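None of these values were measured; they are calculated from a predicted model.
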Amino acid sequence: MDAPTADAGPVSAEELRTAMVERLRKSMLFSDRVATAMLKVPRHAYVPEAEPTTAYNPFEAVVTKRSAEGAALSSASAPWVVARMLHQALPAPGARVLEVGAGTGYNAALLAELVGPSGAVTTVDHAPETADRARRVLADRGNITVVHGDGAYGYAPHAPYDVITVTAGAYDVHRAWAEQLVPGGRIVVPLQCLPWHMTVAFERGDDSVLRSVDASTAGFIPLSGIGAPTGDSVCVGIEEPLLRLHDEKADGTLLKDALERPPVQRWTGAVVEDEPGWNHLYLWLMAEIGDQGLCKFNLTPRGQEEKAVRVPMGWGGLAVHRGGSFAYLTNRNAAPDTTTGSPFELAFIAHGPESEELADRLAALIRRWNDGPRSHPRPRIEAHPADTPYEQLAGHVVLDRPDHRITIVTTNPAESPG
């Protein structure tokens, strides 16, 4: 069944819901159990501020709260993101689940369907009005508890949990989450400390190390409370900021006029699809460049208006800075007549006094990845307790956070035992 159209006349919420799930199944892989839950839970009931056709648009989020400046403070994630995260978490029937970020209550309702009547879902939200909204809409579900509190602390009274899912961007894997997760349990968290919006599914080992088993591109509104962003970014633009590099090590004074210099562009010949090529590349670049200038960037509203740079995503993308120069990853359609997939050729565009050298170095890195490492298993993300000595860490890069040291581990099949 294709998505209903206006020409087909009025359609019911159930028909819209069925069409949404069928469109998702054509565009991505996710569990039959998740599909069944999404068919059962009426999304429109959790986002009454949206028209049903909007509520059931598979690729559209619904913003439910904005700041005085218009920034989104709370939202119902687009259904494709919801389906992907539920697939990553996939709690078993009877499981105990903690959700950090109650939002509209829709995701908690889906989790409750997955764990069934013998399971339990606890959902925590930092905003009292958001928690109250979720509590009202979930009042008839006996296996869900809604808590007003700071989700960075988890919720110890109902611990331990088999699954923890975080529905807001996090700059650390907070200690409480790891401590409240059973050995072998799974936590799904959007890690915004990485240079790309990436939702990572970790499993906890008996040694308390969290090791990724899956990673997917997705962006989220950041956590509030103690997990809120630290504001470690610098601005580029002389008269007013046009873009921000999210790295406290970047030198804003040196970078301020980088965009005034003509760009240097290097196409690489490397072509990737949406998944898994993108995520494999981002993680490999982290392992190669580490914390030596690799970061996330986004355009300011003025930068978006002026089209200051050619970004791969509307919000921004991945960048590398060095001194007064920076480069960013971009792409172009590699197969304009294709009917399947989304193949793109990659390029780096650099600005600043060292733009030629920086663009050449980064383009060479992409070509090296394309010639071999991209066929290797996807690099793994590990989160080690913050007091782990450096010599005991696996991986090529360390992101020091208050509660964890995060590393990227690459694997060359030729070096694997056996």
Rounded to the nearest 0.5 Å, what's the gap from CG on Leu111 to CE on Met85? Could you check?
9.0 Å
Does Arg133 pair with Glu49 as a salt bridge, N-O distance under 4.0 Å?
yes
Atom CE of Met20 and atom NE2 of His44: how far apart are they, to the nearest 0.5 Å?
11.5 Å
Should the pair Arg332 and Trp267 be classed as cation-pi, given the thresholds of under 6.0 Å to the six-membered ring centre and 45° from the axis?
yes
Any side-chain heavy-atom pair of Ile187 and Tyr161 under 4.5 Å
no
When you look at Arg25 and Asp32, which way does the salt bridge (charged side-chain N to carboxylate O under 4.0 Å, His left out) test go after all the steps?
CA-CA 9 Å; Arg25 300 194 82 162; Asp32 288 343; 2.2 Å; yes
Asp150 side chain to Tyr155 side chain, donor-acceptor N/O pair below 3.5 angstrom:
no
Compare every heavy atom of Thr130 with every heavy atom of Gly103, then report the nearest pair and how far apart it is.
O-CG2, 3.4 Å
Do you know the tightest heavy-atom contact between Phe220 and Gln192?
O-NE2, 2.8 Å
Distance in Å, Leu24 CG paired with His87 NE2, rounded so as to fall on 0.5 Å steps:
13.0 Å
So His280 and Trp369, would you call those rings parallel, tilted or perpendicular, with 30° and 60° as cut-offs?
tilted
Does Phe326 offer a backbone N or O that forms a donor-acceptor pair with the side chain of His321 under 3.5 Å?
no
Taking all atoms of both residues into account, what is the closest heavy-atom pair of Ala89 and Val163, and its distance?
CB-CG1, 3.9 Å
Salt bridge flag under 4.0 Å for residues Asp162 and Arg96
no
Any non-hydrogen side-chain atom of Val409 less than 4.5 Å from a side-chain atom of Ile381?
no
Quiz question: by atom type and distance under 3.5 Å, do the side chains of His174 and Tyr153 form a donor-acceptor pair?
no
Check this for me: does any side-chain nitrogen of one of Arg175 and Asp403 sit under 4.0 Å from a carboxylate oxygen of the other?
yes
Between CZ of Phe348 and CD1 of Ile366, what distance do you get to the nearest 0.5 Å?
5.0 Å
If you measure from the Lys or Arg side-chain nitrogens to the Asp or Glu carboxylate oxygens, is any gap between Asp214 and Arg84 under 4.0 Å?
yes
How about His396 and Thr410: does a side-chain donor come under 3.5 Å of a side-chain acceptor?
yes
Taking Arg368 first and then Glu288, would you say they form a salt bridge - that is, a charged N and a carboxylate O separated by under 4.0 Å?
yes
Looking at Glu22 and Arg17, is any side-chain nitrogen of the basic one under 4.0 Å from a carboxylate oxygen of the acidic one?
no
Take atom CG in Asp371; do more than 12 heavy atoms of anything else shown fall under 6.0 Å from it?
yes
CG of Leu285 to CG of Leu329: how many Å apart, nearest 0.5 Å?
7.5 Å
Tell me if a side-chain donor or acceptor on Thr300 pairs with a main-chain N or O of Pro241 at a distance below 3.5 Å.
yes
Could you check if a side-chain atom of Val100 sits within less than 4.5 angstrom of a side-chain atom of Thr165, using non-hydrogen atoms only?
no
Residues Arg135, Asp125: salt bridge by 4.0 Å N-O rule
no
With rounding to the nearest 0.5 angstrom, report the CZ to OH distance, Arg378 to Tyr282.
12.0 Å
Check this for me: does any side-chain nitrogen of one of Arg211 and Asp207 sit under 4.0 Å from a carboxylate oxygen of the other?
yes
Under the 3.5 angstrom rule, does the side chain of Lys40 hit a backbone N or O of Glu113 as a donor-acceptor pair?
no
Under a 3.5 Å threshold, yes or no: a donor from one side chain and an acceptor from the other, between Thr122 and His158?
yes
Just by distance, no angles: are the side chains of Asn370 and Thr268 close enough, under 3.5 Å, to form a donor-acceptor pair?
no
Residue set satisfying salt bridge (charged side-chain N to carboxylate O under 4.0 Å, His left out) with Arg43, at least two apart, ordered chain then number -> none
Quick one: do Phe297 and Tyr328 satisfy ring-ring contact (aromatic ring centres under 6.0 Å, His included)? Show the steps, please.
CA-CA 8 Å; Phe297 83 92; Tyr328 63 94; 5.6 Å; yes
Any chance you could lay out the side chain to side chain donor-acceptor pair (under 3.5 Å) test for Thr217 and Asn279, step after step, and finish with the verdict?
CA-CA 7 Å; Thr217 301; Asn279 288 333; 2.8 Å; yes
Would you say that more than 12 heavy atoms from the other residues, nucleotides or ligands in this model lie under 6.0 Å from the CD of Glu129, or not?
yes
Residues in side-chain hydrogen bond (donor to acceptor under 3.5 Å, both in side chains) contact with Arg302, at least two apart in sequence or another chain:
Glu240, Glu306
Check whether the side chains of Asn331 and Glu345 place a donor and an acceptor atom closer than 3.5 Å, and report yes or no.
no
Without swapping roles, check the side chain of Trp177 against the backbone of Val166 for a donor-acceptor pair under 3.5 Å.
no
